[in-house]
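Heads up: the structure comes next, in structure tokens.
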Amino acid sequence: MLEMNAQSRVIAPAELGNSLRQAGGDPLDRRSRLKFFNSTFKIVCVSAAVFVCLVLFGILILMFRTGVMTFETVSFKEFFFSTNWDPENGHFGALLFIFGTFALTALTLVLAVPIAVLIAVFLAEITPVWLRGTLRPIMDLLVGIPSVVYGYLGLTILIPMLRELTGRDLADGLLAAAIVLAIMVLPTIARISDDAISAVPKKYRDASYALGSTRFQTIFRVVLPAARSGIVYAVILGMARAIGETMAVVMVIGNTPQLADSLFTPTAVLTSNIVMQITSVEFDSTWNYALYLMGFLLLAISLLLIVAVRLLQKKGAKAS
Amino acid sequence: MLLRKGLPNLSWDFLTGLPSEIEEGGGIGPALFNSFYILFLSLAISIPLGMAAGIYLAEFAPDNRFIAFIRICVEGLSSVPSIIFGLFGISLFVDIFHLDLTILGGAVSLAFLNLPMLTRVTEESLRSVPTELKNASFALGSTHLQTIRTVLIPVALNGIITGICLTAGRAFGESAVIILTAGVTTSGELWDFNLLSPGETLAVHLWYVQSEAIVPDAGDIAQKATAVLIMIVLAINLVFRVPLWMKARRMKG
Amino acid sequence: MKKWFKPAALIALAVSLTAGGASVASAASSLKGKIVINGSSALLPLTLQAKSEFQKLNPKVKISASAVSSIAGPQSVRKGIADIGAVDWDASVDVPGFKKFDGQVANPVAVTVFAAVVNKNVGVSNLTTKQLQDIFSGKVTNWKDVGGSDANIVVVNRKFGSGTRVNFQMKALGGQDFMTKGDNYKETGSSGDMKTAIETTPNAIGYIDLPYVTDKMKALSINGAAPTEKNVLNGTYKVWGIGYFMTKGQPTGATKAFIEYIQSAKFQNGSLKKLKFIPLAAVK
Amino acid sequence: MQATALIEINKLDLFYGAFQALKQVSLEIPQRAITAFIGPSGCGKSTLLRTLNRMNDMIPGARVEGSIEIGGTDIYGGDVHVETLRKKVGMVFQQPNPFPKSIYDNVAYGPRLHGITKRRELDEIVENSLRSAALWNEVKDHLKRSALSLSGGQQQRLCIARALAVGPDVLLMDEATSALDPISTIKIEELAQELKDRYTIVMVTHNMHQAARVSHQTVFFLNGEVVEYSATEKLFSDPSDQRTEDYISGRFG
């Protein structure tokens with residue numbers, strides 16, 4: 001009813017004008033049906049978003065409400081500025097975990113990002129097509145390996161190696177955890193950066209080559225800056241995973257509530273401490289509340305870091 | 001390396017057998033089945049929700065501070081340890097709905113865990129679709145829904161699928177949430193579709209044999225289970241990607 | 001503890017003899033109900049084995065079990081989430097670190113033996129209670145001070161709340177506190193992690209449930225007695241504990257039948273032994 | 001030249017937020033003829049073109065005052081169905097923007113949107129549209145191939161075919177040749193000449209020679225205002241406004 005032969009039709013202007021108006025009233029009319037679907041779909045999307053938000057805020061509220069009860073017995077100052085975590089004797093200084101989380105995340109990113117970006121460049125720019133087709137699924141696969149497996153490998157292979165290299169009696173600590181985490185987040189960062197680099201339009205590259213730059217210059221001066229937003233997103237994802245990772249970290253960090261004064265001091269981070277203790281303490285105890293508060297803090301820290309990375313990215317974008 | 005240790009010893013009996021506590025030769029049949037069942041259920045819940053929410057953020061959401069805040073929250077939630085989601089699942093299903101440890105509770109909690117990732121990936125992928133394509137579709141007189149359905153999603157599909165694969169892999173290997181919400185037991189039958197049965201998954205079984213079980217061949221089972229786990233993650237990738245590859249190839253030819 | 005235990009063992013025995021064997025088999029299929037078990041992961045193999053046997057006899061009873069930690073057991077029972085809370089110590093009385101749970105009944109189910117273990121490279125094979133106390137509190141840091149070679153001691157502890165840790169602290173260290181920090185000190189989350197840590201870390205000392213001891217590590221004698229079933233039975237090795245199923249009040253219905261099944265002679269001398277636990281009736 | 005006015009624009013103002021992009025534009029666009037909009041960059045010519053099928057609706061903050069009547073119906077009136085409007089007023093963009101689908105699916109995209117599902121009908125529309133766009137002979141043997149495998153000029157003609165396939169009466173061309181090589185440009189121009197017998201064509205171009213070669217009527221824009229509009233021949237040979245003369249003689253722009 002709507003189509004007309006595209007070849008031969010001459011329509012009077014008024015007829016055309018009239019056809020633009022809404023059809024009157026018939027609910028089965030195709031237009032109203034489409035309109036109905038369209039608005040229903042929008043409602044579905046909005047309610048899905050609202051639902052996701054509800055879940056998110058549900059979790060936030062659960063953590064926050066339980067967490068805040070810590071301060072009924074523990075002073076704000078002690079929780080944030082003391083490194084003495086000895087709940088059995090009523091000391092709840094969480095600074096050491098906060099510090100540990102920051103240090104571990106930073107160390108992980110320092111190790112992982114350069115290598116991941118190089119891998120991504122290699123995948124997107126240098127590798128021949130057939131190899132790329134094999135390597136990409138392998139990278140995807142690495143992402144899917146449960147973190148327990150990484151932790152187990154760290155415990156049985158990495159730590160003895162570190163022990164030999166450093167002559168320490170116990171090599172558990174920040175460095176071991178950072179290496180395991182770096183290996184874990186490598187594929188995530190590399191694959192998403194790879195996608196971002198591949199998405200850089202060919203014309204930029206052509207323009208660069210046309211100006212006589214070498215492949216190396218093109219990659220580092222043109223392609224990487226153009227893919228920066230995607231790479232930053234990859235780093236954020238990797239970072240979020242590093243901050244939140246537990247099972248692997250627990251196995252190699254040593255789980256000792258002391259401030260890490262060297263790369264090999266057994267220590268603990270927010271996540272590892274939460275996971276080790278949250279199931280082992282009584283439900284209605286300050287200790288339990290403190291662990292929830294740490295969970296909330298963890299979220300706050302990752303939000304902070306995400307915002308920081310975003311701001312840095314914006315600043316960088318303006319500068320260039 | 002892990003595969004080399006585990007794979008040669010795999011047998012059909014191992015894959016379908018019931019687990020054993022005392023004698024050697026226990027299988028992972030029910031755990032394997034539950035893994036798929038829970039994964040399927042959780043994806044069935046989280047993919048539509050996550051995608052719809054992602055579409056909302058990419059296409060409908062007003063560009064204001066509140067939405068930006070939500071976006072960052074969604075990102076941040078992926079760094080919350082999964083055990084917190086497990087605790088949330090407990091307080092929701094066990095405390096409020098009195099459902100005990102069930103497959104349903106496990107699947108929904110797992111879906112919650114997947115939601116942030118799926119939402120963000122969908123949004124990112126939709127945003128990366130060139131505006132020109134969107135305009136072209138609108139200019140042909142399509143409604144917003146039609147444009148999303150026939151242009152945006154097909155073009156963004158690659159990214160979305162990558163996201164789903166990552167999430168599925170992560171969900172498949174997730175143990176903390178399941179231990180808390182679905183338990184470490186199976187109902188003892190291989191094909192149990194009852195949503196209210198307890199549902200130990202493969203990853204949980206792996207955790208169990210690695211950390212607590214005292215069967216003589218625990219190490220052996222752990223290696224085999226790891227191998228199976230990795231193979232399945234690979235298989236999930238294949239299942240999702242092969243259609244894409246085939247489509248890409250057909251288009252070239 | 002021990003005084004209390006005797007009658008309990010007798011009751012268990014009696015139950016198993018009179019009610020147990022006969023009634024479980026005959027009244028089997030008429031029993032209905034649902035049992036939710038949560039708590040200690042060390043008791044989980046036992047629970048799972050008992051569950052599959054019990055369900056063969058009583059197909060209409062639904063049992064779901066999970067394990068998080070010992071303390072989660074009685075807590076879940078108190079909250080009404082679980083019918084049975086598996087716990088590695090008697091949660092109806094105070095223990096180091098944990099208060100008692102009022103209104104809960106401790107049903108003993110099995111005896112677990114704990115061993116102090118060291119890496120294979122450690123020359124020491126016997127320690128006294130005092131030496132163990134010094135090592136785990138951090139006072140002694142070198143193996144040469146307890147008769148070994150000159151090497152730093154690496155102490156591996158279980159996390160707070162572990163049933164094994166509570167028992168070891170009570171029985172092997174006489175209730176003395178553990179050290180909490182140090183360059184050569186770490187904590188692990190599960191028996192499996194402990195096993196791996198001891199196996200792979202030279203000069204390491206830790207402790208573990210006897211069934212997990214492998215030939216890749218060395219179990220120490222304590223005060224001259226090796227951790228063997230025989231020494232437990234003849235009373236020379238004292239580092240063992242009883243695993244309990246906590247219930248809200250006296251157990252009833254399916255829960256009661258399930259606990260009775262585990263306490264029955266058939267299970268205690270059969271599967272329970274195969275799982276390397278020691279039957280309740282055997283220890284004095 | 002036939003002078004039935006199909007589109008009447010009356011005192012049109014368009015704002016992007018506080019910025020006024022079009023000022024009091026009044027125009028008549030004749031049916032079945034080619035009208036060209038010329039002017040320097042940023043003069044509002046593309047903006048005006050985009051109001052004709054309401055593509056500006058999607059830009060946040062865009063606001064229109066005045067009226068545009070097509071066949072006597074105000075297209076910004078409340079009873080107008082935007083999707084039908086866009087179906088009747090097709091558009092071709094500056095950059096060729098085929099969907100990453102096959103050639104066939106690109107052309108069939110529009111008809112499918114509007115409810116045509118029968119294979120035979122679709123085949124017919126695809127063939128007719130491709131013929132109208134002078135592309136049929138080049139692609140008829142590999143309709144299943146990806147549209148992205150075509151050259152830029154072919155892609156643009158494919159986009160024209162895609163626009164024609166939904167049966168428009170008006171065809172808007174937004175600098176449709178600016179991204180193409182001279183030979184492809186000529187082909188598109190020839191195509192426009194053929195199509196004008198059946199369609200009302202409005203083209204935006206920054207190429208004055210193109211306007212002179214192809215169009216019947218030319219409108220010259222400057223700073224959001226219509227400076228002059230008249231028959232192409234007259235505008236280029238005897239402009240009545242000094243600014244027009246300066247522009248066409250190349251003194252600025």
Side-chain angles (χ1 to χ4, degrees), chain A residues 34-35 37-38 41-42 44-53 55-60 62-63 137 140-141 143-149 152-153 188 191-192 195 199 230 233 236-237 239-247 271 274-275 278-279 292 295 298-303 306-307 310, chain B residues 2 48-53 55-57 59-61 70 72-85 87-88 91-92 112 115-116 119 124 128 143-146 148 158-159 162 165-166 168-170 172-176 180 203 206-207 210 226 229-230 233-234 236-238 241:
Chain A
L34 281 178
K35 201 171 172 187
F37 282 136
N38 199 30
F41 178 72
K42 188 168 175 181
V44 167
C45 284
V46 172
S47 34
V50 168
F51 183 81
V52 171
C53 289
V55 172
L56 303 191
F57 286 117
I59 289 170
L60 282 182
L62 172 84
M63 287 194 292
D140 290 344
L141 186 63
V143 178
I145 293 178
S147 47
V148 185
V149 175
Y152 188 74
L153 292 179
T188 309
R191 267 302 268 129
I192 298 177
D195 283 345
Y233 175 63
I236 289 181
L237 269 189
M239 186 173 76
R241 188 161 181 203
I243 296 176
E245 179 50 44
T246 47
M247 300 317 261
T271 47
I274 294 173
V275 166
I278 204 157
T279 52
Y292 272 93
L298 191 67
L299 184 72
I301 289 177
S302 67
L303 292 188
I306 290 170
V307 172
R310 283 271 152 91
Chain B
L2 288 161
L49 269 176
M51 276 182 67
I55 290 170
Y56 172 77
L57 284 179
E59 288 294 310
F60 298 112
I70 297 270
I72 290 179
C73 271
V74 172
E75 245 163 39
L77 263 160
S78 51
S79 69
V80 171
S82 53
I83 197 158
I84 302 264
F85 283 86
L87 291 170
F88 181 70
S91 52
L92 194 66
F112 289 168
L115 270 180
T119 305
E124 269 320 295
S128 66
T143 61
H144 207 153
L145 168 62
Q146 286 173 319
I148 291 170
N158 222 329
T162 305
C165 283
L166 293 185
R170 186 177 168 200
F172 204 81
E174 174 57 45
S175 52
L180 287 170
L206 181 63
W207 165 83
Q210 221 167 41
T226 312
L229 205 64
I230 295 176
V233 174
L234 180 68
I236 292 174
N237 271 281
L238 283 180
R241 277 177 195 280

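Here is how names work: the chains are called A, B, and so on, in the same order as the sequence lines, proteins then strands, and each is numbered from 1.
If you tally non-hydrogen atom pairs under 4.5 Å between each of A/D195, A/V55, A/V50, A/L60 and chain B, the highest count goes to A/V55. For chain B, the option among A/A300, A/A242, A/G295, A/A48 with the highest count of heavy-atom pairs below 4.5 Å is A/A48.
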Would you sort out whether A/F41 and B/I55 count as a side-chain contact (heavy atoms from CB on, under 4.5 Å), showing the intermediate values?
CA-CA 10 Å; A/F41 178 72; B/I55 290 170; 4.0 Å; yes
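Contact annotation for A/L62: only side-chain heavy atoms (C-beta onward) come within less than 4.5 Å of a heavy atom of chain B. Interface remark: A/F51 contributes side-chain atoms only to the contact with chain B (heavy atom separation under 4.5 Å). For chain A, the nearby part of B/I148 is the side chain; its heavy atoms alone come within less than 4.5 Å. With a 4.5 angstrom heavy-atom cutoff, B/L115 touches chain A only via side-chain atoms. With a 4.5 angstrom heavy-atom cutoff, B/E124 touches chain A only via side-chain atoms.
What you find for A/C45 and B/Y56 is that their closest heavy atoms are O-CB, 3.7 Å. Across B/L145 and A/N38, no two heavy atoms sit closer than the pair N-OD1, 2.9 Å. In terms of heavy atoms, B/I70 sits closest to A/C53 at CD1-SG, 3.4 Å.
Take B/F60 and apply the ring pair (Phe, Tyr, Trp, His ring centres under 6.0 Å) test, not counting sequence neighbours, and it matches B/H144.
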